[in-house]
Amino acid sequence: MADREYPVEQVESVPEQMGFRIDKLRALKENGQDPYKITTGRQTHHAADIVADFKNLEDETVSVAGRLLARRGMGKVSFADLLDRSGTIQIFSRLNNLGDESYASWQNLDIGDLVEVTGQVFRTKTGEISIRNSEWRLLAKSLRPLPEKFHGLRDTDTRYRKRYLDLIVNPEVRETFIKRSRIISFMREELERRQYLEVETPLLNTIPGGATARPFVTHHNALNLDLFLRIAPELFLKRLIVGGLERVYEIGRNFRNEGMSNRHNPEFTMLELYEAYGDYHSMMELSEALIAGACMDINGTYEIEYQGTPISLAPPWRRMTMVEAVHEFAGINFDSIANDEEAREAARKRGLDDVPANMTWGEALSKCFEEFAEHHLIQPTFIIDYPIEVSPLAKIKQGTNGRLTERFEIFIYGREHGNAYSELNDPFDQARRFEDQKRRREAGDEEATLPDDDFIEALEIGMPPTGGLGIGIDRVVMLLTDQPSIRDVLLFPTMKPLGSQIPENQAFSEGEAITYDQFTTDSQTIDLSKVKVEPLFEDMVDFETFSKSDFRVVKVLNCEEVPKSKKLLKFTLDDGSGQERIILSGIKEYYAAQSLMGKTLVAITNLPERKMMGIPSQGMIISSVYEYDGEENLNLLILDGNIPAGAKLY
RNA sequence: GAUCCGCUAGCUCAGCCGGUAGAGCACCUGACUUUUAAUCAGGGGGUCUGGGGUUCGAUUCCCCAGCGGAUCACCA
């Protein structure tokens with residue numbers, strides 16, 4: 001990597017504060033004290049442990065390592081707060097203890113620097129447990145100022161995009177993610193206790209199934225095959241039940257190509273589990289054990305507050321049929337409604353706007369529930385017995401004339417947190433329901449699932465009666481950590497790229513999502529009969545002339561479009577010399593700038609400098625060119641990434 | 001996708017009726033040997049998100065765009 005003057009390109013925007021820090025770093029390096037050469041840090045204790053165990057640690061010598069967060073100078077003594085993974089501890093430094101030189105360099109540190117400090121544990125005059133600095137080392141320099149210490153980092157956009165800053169300056173954020181990890185661990189432990197087997201099923205699906213949602217599409221080059229990111233692991237996990245594993249679960253990411261909100265991220269984490277010989281009743285008990293148990297584990301109580309609303313997660317939770325819920329909150333008794341027409345009439349009378357003429361009893365019930373009941377369900381409630389129309393994978397509940405299924409959803413704070421069924425294991429019925437989905441898809445419903453014949457075949461082998469449960473982990477974490485948005489419980493929520501980072505090849509407009517992968521695959525399957533190459537040159541070049549051409553392997557450090565130019569891409573290259581090399585190349589119609597980042601290419605480096613669009617170009621990048629079906633085709637020579645920059649070509 | 005709101009120094013925010021910008025923290029210089037958002041004195045730092053328009057003059061008014069947030073719709 002080139003020895004750049006400044007570590008980042010936007011240095012112009014913060015010349016002052018970064019400049020001071022870079023100067024300090026340079027002085028250290030010149031003094032033979034390059035902090036980046038240090039390979040370890042000594043941590044005998046962590047900040048929080050020292051505070052917690054002060055009785056035993058008083059006057060003991062400890063070593064801590066972490067980031068300086070605040071400094072309070074008093075002249076010949078100073079105080080600093082050091083942050084490690086456990087929290088902060090105060091460092092007390094005194095000229096008398098450190099000596100002139102060491103104290104002066106300590107005073108020269110900046111907020112954000114990473115240091116190791118060794119000293120005795122003691123309590124200051126004002127009572128704060130501290131470490132008396134007797135020896136210290138700078139472990140890494142921080143070149144950029146941290147966000148403000150008192151208000152922290154508030155701007156949500158920056159918090160999500162630069163989570164490392166958020167984690168440094170907003171301690172409660174670290175707390176939330178530690179709790180998130182703990183919640184997931186707890187659920188694993190609980191399922192382990194119940195002899196569940198953790199399994200992993202494919203994220204790349206040929207048929208996206210198990211839920212109704214629009215999938216993401218991607219492409220496999222070697223197989224020349226479109227694949228979908230999974231929308232749910234359900235159909236795979238049930239195959240494992242058929243296979244006799246009896247109790248399986250998977251905690252993993254699902255991908256749904258739908259809207260985003262404070263409760264929806266395109267990729268989200270689900271716990272999905274299946275228990276042979278169980279049903280939705282056993283799933284209710286398990287739901288309580290998992291969610292209330294996790295709450296007790298991290299909060300030490302079942303009584304929590306979510307966004308100011310008290311919620312009691314103490315089991316057992318209320319169980320209520322959907323019919324009962326609609327009766328209670330909407331005043332309509334669907335039990336006494338005999339047919340679809342009456343159901344539509346009742347819904348209309350109650351004030352439901354969108355009542356299509358073909359709406360069924362079940363659809364009307366479900367709609368009334370969503371409209372009038374759902375938001376009342378603040379305390380944890382199992383809503384059970386869903387209409388068959390909205391439950392394509394659940395068993396029919398006996399004694400309901402085939403209108404209801406054995407299904408429940410968990411509602412807390414008016415939001416759905418989980419979904420469970422007595423799983424449908426009748427292959428004939430399942431095949432019929434797939435057919436139904438197919439019809440809906442042909443009618444334009446993009447969310448309708450594709451028929452999965454192999455899954456039907458698995459059911460034909462025989463699946464035991466099974467209870468299945470899905471829990472939205474992100475929502476549970478939101479609830480248990482009192483976070484208002486799903487983005488607050490995802491370390492790196494999906495964000496739109498900022499303007500300058502949007503790759504050109506993202507032609508993902510409606511309907512025609514051509515991925516870059518497809519683009520390159522297409523160019524691999526060329527019809528050789530349509531290829532025409534230029535005749536070989538007849539004129540010879542003598543070896544001496546040829547050997548003066550300096551062909552070098554270069555790495556693409558950056559590649560961007562030249563503004564206002566139709567053809568030019570601007571490459572910033574590492575040619576192994578330590579100096580960056582700028583080369584402009586007219587290949588924009590063949591390659592997207594973003595797709596070439598990091599690639600290993602060939603360039604001729606000893607051509608006279610030439611200005612293009614006012615930018616001097618220092619050489620040429622080598623491509624192969626041929627005619628294909630009357631059109632010129634071009635491929636960059638892209639080499640194995642293991643060839644180092646600067647390697648000479650003979 | 002729709003509606004509303006926001007974007008000003010590294011960070012958190014002021015900036016009125018249009019007259020080329022302020023505070024606190026952070027940073028730099030100095031003082032200070034037990035501070036707690038240390039204190040005190042002095043100093044530097046801005047493409048007011050971008051592009052148009054109105055105007056003698058736009059951070060301010062208007063339009064368009066970008067990004068973010070909230071609400072709605074869909075979903076978990």
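In what follows, every chain begins at residue 1, and chains take the letters A, B, ... in the order their sequences are listed.
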All N/O contacts under 3.5 Å from nucleotides 69-71 of chain B to the protein, with atom names and distances to one decimal?
from, atom 1, to, atom 2, distance (Å)
G69(B), OP1, Arg487(A), NH1, 2.4

Q: Both distances under 3.5 Å, Watson-Crick or G-U wobble: report the partner of U29(B), or none.
A: A41(B)
Q: Would you mind classifying the nucleic acid contact of Leu153(A) as base, sugar-phosphate or nothing, using non-hydrogen atoms under 4.0 angstrom?
A: sugar-phosphate
Q | Under-4.0 Å salt bridge between Arg230(A) and Glu200(A) | A | no
Q. Taking the six-membered ring where the residue is Trp, are the ring centres of Tyr386(A) and Tyr280(A) under 6.0 Å apart?
A. no
(Q) Using O4'-C1'-N9-C4 for purines and O4'-C1'-N1-C2 for pyrimidines, with syn meaning within 90° of 0, is U20(B) syn or anti? (A) syn
Please list each protein N or O that sits under 3.5 Å from an N or O in nucleotides 4-6 of chain B, with the distance.
none

Q. Between Phe150(A) and G24(B), do the rings stack, that is, sit under 5.5 Å apart with planes less than 30° off each other?
A. no
**Q.** Short N-O contact, Glu234(A) and Lys238(A), less than 4.0 angstrom
**A.** yes
Q. Do Arg188(A) and Glu198(A) meet the salt-bridge criterion of a basic N to acidic O distance under 4.0 Å?
A. yes
Q | Residue pairs fulfilling salt bridge (Lys or Arg N to Asp or Glu O under 4.0 Å) with at least one residue in residues 87-101 of chain A, sequence neighbours excluded | A | none
**Q.** Donor-acceptor pair (no angle test) under 3.5 Å: Gln17(A) side chain, A26(B) base
**A.** yes
Q | NZ/NE/NH1/NH2 to OD/OE distance under 4.0 Å, Asp436(A) and Arg439(A) | A | yes
Q: Take the protein atom CG of Asp81(A) and the nucleotide atom C1' of A38(B), then report the distance between them rounded to whole Å.
A: 12 Å
Q.
Base, sugar-phosphate or nothing for Asn265(A)? Non-hydrogen atoms, less than 4.0 Å.
A. base
**Q.** U35(B) OP1/OP2 closer than 4.0 Å to side-chain N/O of Arg72(A)
**A.** no
Q) Donor-acceptor pair under 3.5 Å: do we get one between Gln90(A)'s side chain and the base of U35(B)? A) yes
Q.
Taking Arg263(A) first and then Asp474(A), would you say they form a salt bridge - that is, a charged N and a carboxylate O separated by under 4.0 Å?
A. no
Q. Base of C17(B) relative to its sugar, syn (within 90° of 0) or anti?
A. syn
